[in-house]
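Note that ligands are numbered from 1 as they come in the structure, with each ligand's atoms numbered from 1 the same way.
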Amino acid sequence: MASKGPSPQDSVPEEDCQLHIKSAQQQQDFSYQSGIAIGFRQLWTMLKRNTILQIRYRRSTFAQTLLGPILFLFLLWVLQKADTSRQLQSNYHPKPWTLSGIDQCQGRTPLDPCINIMFTPDTPEIREILATVNSRNQLREPTVSLKFMNAFTASDLNTLPTETQGMVPVPNGKFIYDYTLQNPNTTRFGIEFSIVQGPPKNYAYQTWFNFTNSANGTDPFGDSLLSFTRAVDEAILLLTDSSSTDLNVSLKDFPKVPPTLASDQVVSSLGAMFFFCSMMVIFICVLNQIVTEKELHLRHSMQMMGLKTLVYWFSWWLSNAVLVLISAVVICGFGTAFGFTVFKNSNFLALLVTFFLFGLSMVTMAFWITTMVKASRTAILIGIFLFIIGLLFESMVFSNSFVGYLWYDASTSPVARYVLMFLPFFNFGKIFLDMSLFATGRFDVLTETYIPGPGFHWSDLYNKVPTDFTPTYDDARTRHPDVPAPIQSWYLMLMNIGVFAILTLYFDQVVADDYGNRRHLMFFLDPSFYGWNIRKKLTTKEWIAAQEANKTKRDARREKMKKGRIPREDEDDNDVDEERRNALDADYETSARICNLQKVFQESAFRKSPLDKIAVKDLCLTLQDGKLLALLGQNGAGKSTTMNMLSGLTKSTGGDALFYGLSMNNEMAEIRSMMGVCPQHDILFGDLTAEEHIQLYAGLKNVPKEEIPKLTEDRLKAVRLWKVKDRLSHTYSGGMKRRLSMVISTLGDPKIIFLDEPTTGMDPTNRRHVWSFIEKFKQGRIIILTTHSMEEADILGDRICVMAHGRLRAIGNSIHLKNKFGAGYRISIMTDPSTTEQVKAIVETKVPGAILKDDSAGALLYQFPPSSMGSIPQLVQWLEGTDSAEIASLPASSSEGNSKNNSDRNTPLPPLNGSSNNSLNTHANNALANSTGHAPKVNALQWGISQTSLEDVFLKLIRDANPDGYQGYEVSSSKEKNVDDHEATLRNRRA
Ligand SMILES: Nc1ncnc2c1ncn2[C@@H]1O[C@H](COP(=O)(O)OP(=O)(O)OP(=O)(O)O)[C@@H](O)[C@H]1O
């Protein structure tokens, strides 16, 4: 598991390791591997990655699967409770009371039969009391005549009264409670007597009464109650001797537990809205996750390592399907646990499938939206917007008139219905309503009662909702004759999934990405999209001819557009010319060739303009196995654009490259399978560890599973990240991230590697480790490296090319460039400030061509051309005050030191733990003293001599490329600095 705890420092030495790098012969031959097998391997790898990330983002995953559903169910439950109390208050007796007497009983509607008095026990004495109540009441209310009805037995709990004005004997007080509970608004009074024979005779009775009995709610204890108890008291007292009679009256409210059916209307009517909300949590998380991955270029990075588009989407879809399934199970399980009738009374599997399909269709819809959005903030805003729209929609779906309008109304335009069918929440709303009608029942406004439903069974999926179950709406409308069965909503949600999946894949191709890449709108008509390469495979000769023909056309077009006002460009350097000739010579043996590569960034997306930025212009290069090509150039020279084109990140606007016979323009998928890229900016998953990164990218590269542990150890040790392999990458320092990016680019032992400024931000020790790693790795591979470090180019580059303004300015190995463009030698002299002027005069006399480049606080820097080399011994002799024979060897040995080694590279790779080998030997004086065994008489405190450095060559070439000076130098982007800055930095470093 990853930990963020204290960890070894970046610079802690790792144990020595042996790099196990496959030789060129051992390398995997990706081209012969089955695409399907690689696809499955990548899918498995991506699923593992998604699962790790979902576990790491546990708060978000928890919110999507558990918290969201449970929270919304809980809110629904609270609403249900609130509705319950509303139901209680509405359970009133509709007829107002008078003080005069007991009036007629009345059910919920005036016509409903009802019981006026329910009494127990059924004894002659009590019947007599009640008969007296009746006869005396008729004096006050002549129209009310109470009759004794047939007694209810214990089994009559569900028997509704058939007549009005009845007095019904019942078995006991509990019966009164249960009956009034189950049949609210059927009984006016309940009375339970318990008579204790005296003397004094005790008449105790308990009266049940509806305290919320007034239509206007102003009668909490009730005038009616007063009338009734007074009437009963009167009757008792009339029958007995009042002096020996005790009266004991207690009052009780009718039970107020709400009728279950009524309360569940809340779930039926608001449920879809709440379940929509819970699915929207997943929806917004999906939007955010995928767009963030795009925004951070993580997806690009995986695609550059060979990830297939289909695998990418399918892996996310499967991972989210699991979340949706968990969420659906939680909703159904907790819905049942909360006691909602629609859950208890429906087939569990049917409910589960409904929620699952709804969730999946929403996830697929989110995928589609992500293809059109580039910033995660926009994605979240869109998510919230859709959330509100959906919420309004669901609330309307469940307003009866809207549903009636959409589904049950014959006058609804079928077009409206067809359009709405493309919205998952519409289809979900419809089926959930159907289920509610079946499972819960409905409220009948005519009778003002709830009619229970038969339950929703699996077979009901195929049954149309019965006509008398349809929600009531404006009666003036006629019912649509063909309201579809619930199963149709499943089909529609499946259709939604399919349609959104296709739209996702289509939009993903045709909407331009951050690098401006997009396919033609009709790309699916191109057979190559399906992997059928019907284009004739060109021979190298034909391919070169095609590139040349294209260039001619391009130039003609450009000339026409600029109306012949194309400024004359400098002559190419002869090495550059030769490189071009080699690249265009089919017989020239090379592993890869780049021909007339061009990239124009258009000002306008719709038309070409003279202001279009030519980032790379007609680049021609050859690349050899086992040779590293270092690309140098000032900011904005076109290095990264070149790398991006070659790695397939950006489409070229002209030219092509052939890697091992595969065309960059037409066979990028194959090239990618043998390519590794270390981009300029680290593209890492902040919540994955170094080890997990290696496992992910090795999986995408189809490295055999059994090799991955060893590979991980080897590579991480090589760049000294092994000890921090379990730390999340967002806790890494800049240099550590860079090293991890470097290692990732070498996974799968690619034949072609692009390293864009791989050591930026690394400390000198780690930089040397990385250099050593690259040096060991380059055998049998093509490596192109861009850098701003001259030292790096000098050490690693078998060939170095310098670019300026998108053009190649010079190419060759370090020695060749120094000899060709170098300004000779440099000598630095540290003097006593009091003798500086004297030293200057002597130097200028002894070395006639010497140019003073720097003079500060006694530190002199002279440059002199190779032609002045002969005067150096004399100068050194003077500086040292030693005999000339001894001294004469010094510059030569110094320069030899710099130029030892083979013809490809003049500077040896320094030892891993060595310090920087600066060619400017400022300690030569001391060295000489040691070698001669005596302390010489010196005219300078210190001095050193060196050949012109690569920096000087670079600066010269850049200066030549900007003959008007740097003032007019075009700064094309904010990140760019001009050459002056660069030179100043170099000067500071030297100082
Ligand atoms: N997407 C783009 N749209 C327009 N112009 C671009 C775009 N990307 C790069 N450019 C321009 O293309 C030129 C080459 O840019 P590129 O990034 O290749 O330079 P570079 O040599 O890699 O510089 P650096 O050393 O700063 O990374 C620059 O002038 C830059 O402004």
Side-chain angles (χ1 to χ4, degrees), residues 294-295 297 300 304 374-375 511-518 594 597-619 621 629-655 657 664 677-683 734 738 741 745 754-762 784-793 797 800-811 950-951 954-955 957-958 961-962 966 968-986:
K294 187 156 63 158
E295 194 175 34
H297 299 300
H300 270 126
M304 278 193 299
K374 292 205 172 82
V511 175
D513 63 13
D514 273 0
Y515 298 92
N517 297 322
R518 64 185 170 87
I594 299 168
L597 193 63
Q598 174 179 279
K599 178 72 189 178
V600 180
F601 289 107
Q602 282 186 217
E603 280 287 303
S604 152
F606 303 104
R607 60 188 180 85
K608 292 191 177 359
S609 137
L611 298 176
D612 291 345
K613 170 80 197 165
I614 303 179
V616 176
K617 187 165 184 307
D618 298 334
L619 184 69
L621 274 176
L629 180 82
L631 216 54
L632 296 180
Q634 84 274 39
N635 292 132
K639 306 180 296 294
S640 297
T641 308
T642 305
M643 295 287 246
N644 289 346
M645 283 190 287
L646 295 178
S647 58
L649 206 56
T650 316
K651 279 244 168 303
S652 68
T653 49
M664 176 190 86
V677 182
C678 171
Q680 191 175 31
H681 303 287
D682 297 308
I683 304 178
R738 209 73 203 110
S741 302
S745 70
F754 300 107
L755 305 173
D756 201 348
E757 300 179 29
T759 58
T760 309
M762 277 186 212
I784 305 185
L785 169 142
T786 73
T787 182
H788 285 293
S789 158
M790 301 299 136
E791 193 184 3
E792 183 165 289
I800 298 169
C801 58
V802 180
M803 284 183 78
H805 302 303
R807 287 177 59 203
L808 198 57
R809 298 288 167 168
I811 185 161
L950 197 57
E951 275 171 20
F954 174 79
L955 291 174
L957 285 167
I958 297 302
N962 297 284
Y966 306 143
Y969 177 63
E970 176 193 3
V971 177
S972 312
S973 80
S974 59
K975 70 173 179 154
E976 293 175 6
K977 299 183 199 109
N978 63 23
V979 178
D980 279 339
D981 285 348
H982 190 88
E983 200 170 17
T985 315
L986 296 178

Subject >> Residues which pass side chain to side chain contact (heavy atoms under 4.5 Å, CB included) with Glu295, listed by chain and number, not counting sequence neighbours >> reply: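 Applying side chain to side chain contact (heavy atoms under 4.5 Å, CB included) to Glu295 gives Ala375, Ser376.
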**OP:** Please name all residues satisfying side chain to side chain contact (heavy atoms under 4.5 Å, CB included) with Asp682, sequence neighbours left out, ordered by chain then number.
**Re:** Leu684, Lys737, Arg738, Ser741
Original post:
Is there a heavy atom in Met643 that sits closer than 4.0 Å to ligand 1?
Top reply: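 Flag not set, Met643 not near ligand 1.
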Original post:
His788: heavy atom below 4.0 Å from ligand 1, yes or no?
Top reply: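 The answer is yes: ligand 1 sits under 4.0 Å from a heavy atom of His788.
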Taking [X] for the side chain and [Y] for the main chain, is one N or O donor matched with an acceptor at less than 3.5 Å?
{"X": "Ser652", "Y": "Gln598", "result": "no"}
{"X": "Thr650", "Y": "Met645", "result": "no"}
{"X": "Lys639", "Y": "Gly633", "result": "yes"}
{"X": "Thr653", "Y": "Val600", "result": "yes"}
{"X": "Thr759", "Y": "Met762", "result": "no"}

With a cut-off of 4.0 Å, which atoms of ligand 1 are near a heavy atom of [X]?
{"X": "Gly638", "answer": "14 (C), 18 (O), 19 (O), 20 (P), 21 (O)"}
{"X": "Glu757", "answer": "25 (O), 27 (O)"}
{"X": "Ser640", "answer": "17 (O), 18 (O), 20 (P), 22 (O), 27 (O)"}
{"X": "Gln634", "answer": "21 (O)"}

Would [X] count as being in polar contact with ligand 1, using the rule that some N or O on each side must be under 3.5 angstrom apart?
{"X": "Thr642", "answer": "no"}
{"X": "Ala637", "answer": "yes"}
{"X": "Gly636", "answer": "yes"}

**OP:** With heavy atoms only and a cut-off of under 4.0 Å, state how Lys613 meets ligand 1: side chain, backbone, both or neither.
**Re:**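 The part of Lys613 near ligand 1 is the side chain, not the backbone.
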Original post:
Considering only heavy atoms, which of Gln680, His681, Met645 lies nearest to atom 27 (O) of ligand 1?
Top reply: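 Of the listed residues, Gln680 has the closest heavy atom.
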Original post:
Atom CD in Gln680, atom OG1 in Thr760: separation rounded to 0.5 Å?
Top reply: 7.0 Å
